[in-house]
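Because the structure is predicted, anything quoted here is derived from the model rather than measured. We use all heavy atoms of the structure for the numbers below, so side chains are in, but hydrogens, waters and symmetry mates are not.
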Amino acid sequence: VQLQASGGGLVQPGGSLRLSCAAPGSFFRSNTMGWYRQVPGKQRQLVAAIDSGGGTTYSDSVKGRFSISRDNAKVTVDLQMNKLTPEDTAVYYCRMWPLADAWGQGTLVTVSS
């Protein structure tokens with residue numbers, strides 16, 4: 001199973017970016033979808049997740065700034081990131097679990113002036 005992540009880039013502090021992840025339709029609807037991020041030398045950490053029923057969870061560091069959503073018709077999961085800070089700089093990965101554990105290839109988000 002292969003996930004395709006897109007939408008990373010360079011943005012100034014205080015700006016916004018939207019990440020998107022496409023997944024195979026046969027697995028999408030029954031799985032939880034999430035976004036993780038990783039910086040060099042640190043473990044990959046969960047940023048946000050949305051389950052098959054639409055329930056969401058966020059890490060404390062992004063609560064109130066990031067929003068995760070899923071479109072079961074388009075089989076995509078998006079992460080809207082607002083009020084970005086340099087501490088949000090990382091490689092972002094989408095993930096699908098638990099029925100089919102799969103990861104996207106990672107997309108770099110750089111927040112810098």
Any side-chain heavy-atom pair of [X] and [Y] under 4.5 Å:
| X | Y | answer |
| --- | --- | --- |
| Gln4 | Cys21 | no |
| Thr89 | Val109 | no |
| Pro24 | Leu3 | yes |
| Ile68 | Asp78 | no |
| Ser20 | Gln80 | no |
| Leu19 | Met81 | yes |

What do the steps show when you test Arg18 against Ser69 for side chain to side chain contact (heavy atoms under 4.5 Å, CB included), and what is the final call?
CA-CA 11 Å; Arg18 189 175 184 89; Ser69 60; 3.8 Å; yes
Heavy-atom closest contact ([X] atom, [Y] atom, distance):
| X | Y | answer |
| --- | --- | --- |
| Leu79 | Ala48 | CD1-CB, 4.0 Å |
| Arg29 | Ala73 | NH2-CA, 4.4 Å |
| Asn31 | Pro98 | OD1-N, 3.2 Å |

Sequence neighbours excluded, which residues qualify as side-chain hydrogen bond (donor to acceptor under 3.5 Å, both in side chains) partners of Asp71?
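Listed in chain order: nothing, the list is empty.
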If the test is side-chain hydrogen bond (donor to acceptor under 3.5 Å, both in side chains), which one of Thr85, Asn82, Asp88 qualifies with Arg65?
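For Arg65, the side-chain hydrogen bond (donor to acceptor under 3.5 Å, both in side chains) test succeeds with only one of Thr85, Asn82, Asp88, which is Asp88.
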Measure the [atom1]-[atom2] distance between [X] and [Y] for me, rounded to the nearest 0.5 Å.
| X | Y | atom1 | atom2 | result |
| --- | --- | --- | --- | --- |
| Leu46 | Arg44 | CG | CZ | 12.0 Å |
| Gln105 | Cys94 | CD | SG | 7.0 Å |
| Arg37 | Gln43 | CZ | CD | 14.5 Å |
| Met96 | Phe28 | CE | CZ | 9.0 Å |

Report whether Val11 and Val62 are members of the same hydrophobic cluster (ILVMFWY, side-chain heavy atoms less than 4.5 Å apart, transitive linking).
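Yes, it is one cluster - the side chains of Val11 and Val62 are joined through contacts under 4.5 Å.
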Against Arg70, only a single residue in Ile50, Val75, Thr32 fulfils side chain to side chain contact (heavy atoms under 4.5 Å, CB included); can you say which?
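The option that passes is Ile50.
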Sidechain-backbone polar pair: [X] side chain, [Y] backbone, donor-acceptor under 3.5 Å:
| X | Y | answer |
| --- | --- | --- |
| Gln38 | Ala90 | no |
| Arg95 | Gly104 | no |
| Thr110 | Leu10 | no |

Any side-chain donor near an acceptor of the partner, Ser61 and Ser59, under 3.5 Å:
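There is such a pair between these side chains.
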Counting only heavy atoms not in Lys63, do more than 12 sit closer than 6.0 Å to its NZ atom?
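Yes - once you tally the heavy atoms of other residues, nucleotides and ligands closer than 6.0 Å, there are more than 12.
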Sequence neighbours excluded - ring-ring contact (aromatic ring centres under 6.0 Å, His included) pairs with any residue from residues 42-95:
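Sorted pair list comes back empty.
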Any ring-ring contact (aromatic ring centres under 6.0 Å, His included) pairs touching residues 33-52, not counting sequence neighbours?
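Of all non-adjacent pairs touching residues 33-52, those that pass ring-ring contact (aromatic ring centres under 6.0 Å, His included) are Tyr36-Trp103.
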